[in-house]
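For reference, the structure is listed below as structure tokens.
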Amino acid sequence: MTEFVSVLRGVGGHLPSKVLTNDDLAKMVDTTDEWIAARTGIRKRHIAADGETTSDLGVAAARKALDAAGLAPDDIDLIVVATATPDYTFPSTATVIQQKLGITRGAGFDLQAVCSGFVFAIATADNFLVRGQFERALVIGAETFSRILDWSDRSTCVLFGDGAGAVVLERQPKAQAGDRGVKGIHLRTDGRFKDLLYVDGGPSTTQTVGHLRMVGNQVFKHAVGKISESVRAAVGQAGLQISDIDWFVPHQANQRILSAVAERLGLDEQKVVSTVAEHGNTSAASVPLALAAATEDGRVKPGDLVLIEAIGGGLAWGAALIRV
Ligand code: ACO
């Protein structure tokens, strides 16, 4: 029987044009550029304009991924959007993006795993493609976290920004794909930690959108151990070694977490893709934005083994290994 794999055909990222620097934030809350840069590595973040929605950012990233793949919107029959900041409570942002791209076939839905949403979305699309239910998927991470921040809380508002990233995944017979494709995936959640990072509103509780709340130093402690565990599991599932990884493309939450995970795994810092200084934590968009940046500047090349990982609210975390 023919075996199939999901192959990454193209990647694209999009950031809104409005920029908010650390110095801008220092005029809004009791903070400094020095504190933010030293504790997080973040220098600036991008903020969606009034009326600019998560789906707008997602569509822009999707168009770039399609261009990179040499494909048209109508080549897509599955859209999975990872987001915690959808345009509406319903319908899904995926269907809004489907309509904006002019796609009239296939299916689309949203997936909620907060900052680790893109890893969960890759896993979901990969399963659909390998099983043969769809041929080509747009996997999008898109967020407007600026809309759920408490702009008077210096411990959270300095960390996040808006943006979107997307990839095209295609079902290919293994014989055609060679060694390319999604090689290993590990996903985990543990709801006992939900109070460490959450939004204090929602349709069924407060009938409001709510604001992000986080016990940052506690999340930090969980992040390094849990991410390392997931990376080892994904690499083990693929039958590979950590030393085989060409590029480590982590969730861009905090430079100190990126460096600590790389050190724990024995990964050379030169192999770590960091865009945290440029756009802060864009939640589900951060991994595909970093992957797009490292692909566009020529670091990530066809045939490279790329490790993606993330942790966020839930807690939910995971890792995936892809030969691009
Ligand atoms: N400017 C100046 N001082 C600040 C600021 C600020 N913006 N924010 C907090 N402080 C102060 C605190 O009040 C505290 O002061 P105190 O000692 O007088 O009480 C001090 O700085 C230290 O606070 P900590 O929270 O212990 O600082 P820490 O070094 O842990 O850094 C941070 C905080 C950046 C939030 C870090 O803990 C972190 O990155 N955590 C992980 C975040 C993460 O990965 N989240 C997961 C993904 S997000 C998602 O899923 C939505």
Side-chain angles (χ1 to χ4, degrees), residues 20-45 54 82-86 111-121 141-163 187-191 193-202 209-228 230 250-261 274 276-277 279-287 289-290 308-319:
L20 196 64
T21 64
N22 291 349
D23 286 333
D24 294 331
L25 277 165
K27 293 177 195 138
M28 297 160 62
V29 286
D30 182 14
T31 193
T32 59
D33 174 45
E34 291 73 29
W35 191 96
I36 301 170
R39 295 289 182 120
T40 71
I42 300 166
R43 293 279 178 192
K44 59 179 181 161
R45 67 287 296 140
T54 293
T83 187
T85 46
L111 185 151
Q112 162 64 293
V114 204
C115 290
S116 43
F118 187 75
V119 180
F120 280 65
E143 303 277 18
T144 45
F145 256 50
S146 62
R147 306 271 156 76
I148 56 164
L149 295 176
D150 175 350
W151 287 100
S152 66
D153 175 9
R154 69 176 183 173
S155 71
T156 54
C157 75
V158 304
L159 303 173
F160 296 91
D162 302 335
L187 305 180
R188 277 281 281 129
T189 63
D190 192 335
F193 302 115
K194 72 176 169 45
D195 293 341
L196 296 185
L197 176 51
Y198 65 100
V199 167
D200 62 4
V209 172
H211 291 111
L212 182 147
R213 307 292 173 203
M214 175 165 71
V215 191
N217 48 14
Q218 295 281 327
V219 176
F220 195 114
K221 282 180 196 145
H222 284 284
V224 179
K226 287 181 166 45
I227 290 168
S228 304
S230 255
H251 175 43
Q252 309 287 320
N254 185 322
Q255 184 59 46
R256 286 157 58 212
I257 298 179
L258 271 62
S259 301
V261 171
S274 176
V276 69
H279 55 64
N281 184 346
T282 55
S283 185
S286 92
V287 168
L289 271 170
I308 64 172
E309 55 83 346
I311 185 165
L315 294 175
W317 66 100

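Numbering of ligands and ligand atoms starts at 1, following listing order.
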(message) Given a heavy-atom cut-off of 4.0 Å, could you list the residues near ligand 1 in chain and number order?
(response) Asp30, Thr31, Trp35, Arg39, Thr40, Val114, Cys115, Phe145, Arg154, Ser155, Val158, Leu159, Phe160, Leu197, Met214, Gly216, Asn217, Val219, Phe220, His251, Ala253, Asn254, Arg256, Ile257, Asn281, Ile311, Gly312, Gly313
(message) Quick one, Ile311 and Cys115 - any side-chain contact, counting heavy atoms below 4.5 Å?
(response) no
(message) If only side-chain N and O atoms count, and only distance matters, is there a donor-acceptor pair under 3.5 Å linking Glu143 with Thr85?
(response) yes
(request) Could you tell me which residues satisfy salt bridge (Lys or Arg N to Asp or Glu O under 4.0 Å) with Lys44, sequence neighbours excluded, listed by chain and number? (result) Glu278
(message) My understanding is that only residues two or more places apart in sequence, or in another chain, count here; which of them pass side-chain hydrogen bond (donor to acceptor under 3.5 Å, both in side chains) with Asp24?
(response) Thr21
Could you give the side-chain donor-acceptor pairs of residues 33-42 under 3.5 Å, partners two or more places apart or in another chain?
residue : atom : partner : partner atom : Å
Asp33   : OD1  : Asn22   : ND2          : 2.9
Asp33   : OD2  : Arg43   : NH1          : 3.4
Thr40   : OG1  : Ile36   : O            : 2.5
Thr40   : OG1  : Ile42   : N            : 2.9

(request) Go through Arg213 and Asp150 one step at a time and tell me if the salt bridge (charged side-chain N to carboxylate O under 4.0 Å, His left out) criterion holds. (result) CA-CA 8 Å; Arg213 307 292 173 203; Asp150 175 350; 2.9 Å; yes
